[in-house]
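Have a look at the structure below before the remarks.
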Amino acid sequence: MADNLPSDFDVIVIGTGLPESIIAAACSRSGQRVLHVDSRSYYGGNWASFSFSGLLSWLKEYQENNDVVTENSMWQEQILENEEAIPLSSKDKTIQHVEVFCYARYENHFCSIQ
């Protein structure tokens with residue numbers, strides 16, 4: 001299947017949040033070939049919606065992510081002399097101090113799972 005995918009693009013949009021999706025759609029609508037990618041395992045950026053289990057997975061992933069950029073010589077070989085690689089942060093800096101509190105009702109009592 002990958003052999004049938006295009007390899008030339010007019011526009012590359014990084015991120016699937018609302019602004020990025022609007023830009024990708026507008027470019028595509030105007031006839032441009034668009035590659036729309038996201039490093040996250042979900043679409044929507046800060047506008048994403050999750051099921052409860054998806055939210056718990058996102059929280060766990062966010063708490064474990066230390067946002068360390070690793071050096072990879074494979075992609076560095078693809079950079080031309082007049083180009084520069086700019087590492088992107090995978091963490092949203094506006095989200096801080098994330099904690100999870102789940103409450104379940106059990107025989108008329110509430111318990112806290114932390």
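Values in this document were obtained by computation on a predicted structure and should not be read as measured data.
Closest approach of Arg40 and Gly45 over heavy atoms only: NH1-CA, 3.0 Å. Annotation for Val34 and Cys27: closest pair CG2-CB, 3.7 Å, computed over non-hydrogen atoms. For the pair Gly15 and Glu20, the tightest heavy-atom approach, listed with the atom from each and the gap, is O-CB, 3.1 Å. Across all non-hydrogen atoms, the minimal contact from Tyr42 to Thr16 is O-OG1, 3.9 Å. Smallest separation of non-hydrogen atoms from Leu55 and Phe50: N-CB, 3.6 Å.
Distance check: Ser57 OG to Phe52 CZ gives 10.5 Å after rounding to the nearest 0.5 Å. From Ser28, atom OG reaches atom CD1 of Ile23 across 13.5 Å, with rounding to the nearest 0.5 Å.
By the rule that hydrophobic residues join a cluster once side-chain heavy atoms approach within less than 4.5 Å of another member, Ile14 and Phe9 end up as members of one cluster.
Put simply, the residue from Val11, Asp8, Ile12 that forms a side-chain contact (heavy atoms from CB on, under 4.5 Å) with Arg33 is Asp8.
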